[in-house]
Amino acid sequence: MSGWAPGGALVSNVEITAATVQRGDVIQLGGRACRVSDLFQLPQGAKQLLFESGELLTIHARTRLAAVRVLRRR
């Protein structure tokens, strides 16, 4: 499902994995929306996500999370 965010950006709900997560994805964790600011590749396909708040989350290669992604206009 997708929709328009305030400011005219198109947003979409997506399922993310360690292979598909991107900077700017917003992940709901414990009732808080956390925006990914940086990614670090780890062994065996895992990734460590750095959020704008400074918190870290490590996800396994098979972890699946729901996120909101802002789609860029082309």
Side-chain angles (χ1 to χ4, degrees):
M1 177 169 190
S2 61
W4 292 99
L10 183 63
V11 295
S12 179
N13 292 323
V14 294
E15 181 179 86
I16 61 167
T17 65
T20 62
V21 66
Q22 298 177 5
R23 286 180 185 88
D25 285 347
V26 178
I27 303 170
Q28 187 88 3
L29 297 170
R32 292 182 51 206
C34 301
R35 184 179 305 272
V36 178
S37 65
D38 207 357
L39 308 163
F40 303 98
Q41 184 68 49
L42 299 175
Q44 300 174 359
K47 282 201 180 150
Q48 189 172 57
L49 311 180
L50 174 64
F51 296 113
E52 288 180 345
S53 63
E55 297 170 301
L56 293 170
L57 175 68
T58 302
I59 59 174
H60 186 271
R62 291 179 285 188
T63 301
R64 297 196 185 291
L65 299 169
V68 174
R69 181 170 290 161
V70 176
L71 304 174
R72 295 181 179 94
R73 292 187 183 198
R74 293 181 180 180

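Residue indices begin at 1 and follow the sequence shown.
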side-chain contact (heavy atoms from CB on, under 4.5 Å) between Leu39 and Leu49, worked out: CA-CA 5 Å; Leu39 308 163; Leu49 311 180; 3.2 Å; yes
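To the nearest 0.5 Å, atom OG1 of residue Thr17 and atom NE2 of residue His60 are 12.0 Å apart. Expressed to the nearest 0.5 Å, how far CG of Leu42 lies from OG1 of Thr58 amounts to 6.0 Å. Atoms SG and CG, from Cys34 and Leu56 in turn, are 11.5 Å apart once rounded to the nearest 0.5 Å. Distance check: Leu57 CG to Ile27 CD1 gives 6.5 Å after rounding to the nearest 0.5 Å. To the nearest 0.5 Å, atoms CG (Asn13) and CZ (Arg69) are separated by 11.0 Å.
Side-chain contact between Phe51 and Val36 is present, with heavy atoms from C-beta onward closer than 4.5 Å. Put simply, the side chain of Lys47 does not reach to within 4.5 Å of the side chain of Thr63, judged on heavy atoms.
Between Ala18 and Gly45, the shortest heavy-atom distance links the atoms CB-O, 3.3 Å. Residues Glu15 and Thr20 approach most closely at O-OG1, 4.1 Å, considering heavy atoms. When all heavy atoms of Gly24 and Arg35 are compared, the closest pair comes out as O-NH1, 3.3 Å.
The main-chain N or O of Ala46 is found under 3.5 Å from a side-chain atom of Gln41 such that the two form a donor-acceptor pair.
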